[in-house]
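One-based numbering along the sequence shown. Side chains are part of it too, since the values below use all heavy atoms of this structure and drop only hydrogens, waters and symmetry mates.
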Amino acid sequence: MNGDDVIAIYESISLLTDQMLGAAHAADWELLATLENQCGQHIANLRICEENIALTQVQRDRKVVFITKILEDDRDIRNLTEPGLRKLSALIQSNHTERKLLNTYGIGS
């Protein structure tokens with residue numbers, strides 16, 4: 001593995017985060033989860049490979065471009081998903097509280 005291979009992994013991650021953003025816009029949560037898993041696999045590979053590889057200045061510059069885009073996509077994905085996650089969390093908490101009340105007062109048993 002060499003510097004070009006490392007940059008190719010960053011590019012793959014960037015493409016995946018772009019697809020993840022598209023899935024989030026489309027509210028396709030299954031696709032988003034699948035792409036997120038693929039992205040995680042690439043990141044795990046990157047951590048192993050990048051340790052022992054020195055990048056040229058050109059490669060470092062490309063790496064910065066990819067990382068910037070990946071972080072922007074991540075921010076946009078979070079902005080799209082967090083409101084739904086907060087609603088889901090509130091619903092789960094509400095159901096948990098309701099169950100505790102029913103169990104405490106013996107209703108529905």
Side-chain angles (χ1 to χ4, degrees):
M1 179 155 281
N2 61 36
D4 288 335
D5 296 326
V6 169
I7 296 305
I9 295 172
Y10 275 105
E11 184 175 15
S12 294
I13 294 168
S14 176
L15 293 171
L16 283 169
T17 60
D18 188 57
Q19 293 172 8
M20 290 167 62
L21 181 57
H25 274 294
D28 189 342
W29 309 124
E30 287 183 37
L31 178 59
L32 179 62
T34 298
L35 294 169
E36 186 177 34
N37 186 35
Q38 291 174 15
C39 191
Q41 292 171 357
H42 282 291
I43 291 168
N45 289 338
L46 185 62
R47 286 184 180 140
I48 294 167
C49 299
E50 193 173 27
E51 275 183 22
N52 302 316
I53 296 182
L55 300 178
T56 66
Q57 185 59 48
V58 171
Q59 290 168 333
R60 284 193 300 272
D61 292 343
R62 289 191 67 207
K63 176 180 171 179
V64 168
V65 169
F66 287 128
I67 290 174
T68 300
K69 185 198 172 294
I70 291 164
L71 291 173
E72 288 171 358
D73 287 346
D74 181 64
R75 181 198 63 228
D76 293 343
I77 292 165
R78 287 178 194 274
N79 288 339
L80 290 167
T81 59
E82 282 182 359
L85 290 173
R86 282 193 296 273
K87 286 180 187 176
L88 180 59
S89 178
L91 179 63
I92 290 169
Q93 182 61 37
S94 174
N95 286 340
H96 178 73
T97 301
E98 181 179 344
R99 228 177 306 122
K100 281 177 70 176
L101 287 170
L102 291 173
N103 288 338
T104 299
Y105 293 104
I107 302 170
S109 297

Could you measure the distance from the [atom1] atom of [X] to the [atom2] atom of [Y]? Nearest 0.5 Å is fine.
{"X": "D18", "Y": "I70", "atom1": "CG", "atom2": "CD1", "value": "11.0 Å"}
{"X": "T34", "Y": "Q19", "atom1": "OG1", "atom2": "CD", "value": "11.0 Å"}
{"X": "D76", "Y": "H25", "atom1": "CG", "atom2": "NE2", "value": "6.5 Å"}
{"X": "L46", "Y": "D5", "atom1": "CG", "atom2": "CG", "value": "11.0 Å"}
{"X": "Q38", "Y": "I13", "atom1": "CD", "atom2": "CD1", "value": "12.0 Å"}

Treating Ile, Leu, Val, Met, Phe, Trp and Tyr as nodes and any side-chain heavy-atom pair under 4.5 angstrom as an edge, say whether [X] and [Y] lie in one connected cluster.
{"X": "V64", "Y": "L71", "answer": "no"}
{"X": "L16", "Y": "I9", "answer": "no"}
{"X": "I77", "Y": "L35", "answer": "yes"}
{"X": "L15", "Y": "M20", "answer": "no"}

| request: Take Y10 and V65 through the test side chain to side chain contact (heavy atoms under 4.5 Å, CB included) and record every step on the way to the result. | output: CA-CA 10 Å; Y10 275 105; V65 169; over 6 Å; no

Looking at every non-hydrogen atom in both residues, tell me the closest pair between [X] and [Y] and how far apart they are.
{"X": "I53", "Y": "G3", "answer": "CG2-N, 3.6 Å"}
{"X": "D28", "Y": "L31", "answer": "OD1-N, 3.1 Å"}
{"X": "S14", "Y": "F66", "answer": "CB-CD2, 3.8 Å"}

| field | side-chain hydrogen bond (donor to acceptor under 3.5 Å, both in side chains) partners of residues 56-73, not counting sequence neighbours, each pair once | value |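 Those involving residues 56-73 are D4-Q59, T17-D73, E50-K63, T56-Q59, Q57-R60, Q57-D61, K69-D73.
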
| field | Residue list, side-chain hydrogen bond (donor to acceptor under 3.5 Å, both in side chains) with D74, at least two apart or on another chain | value |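 D74: side-chain hydrogen bond (donor to acceptor under 3.5 Å, both in side chains) contacts with R78.
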
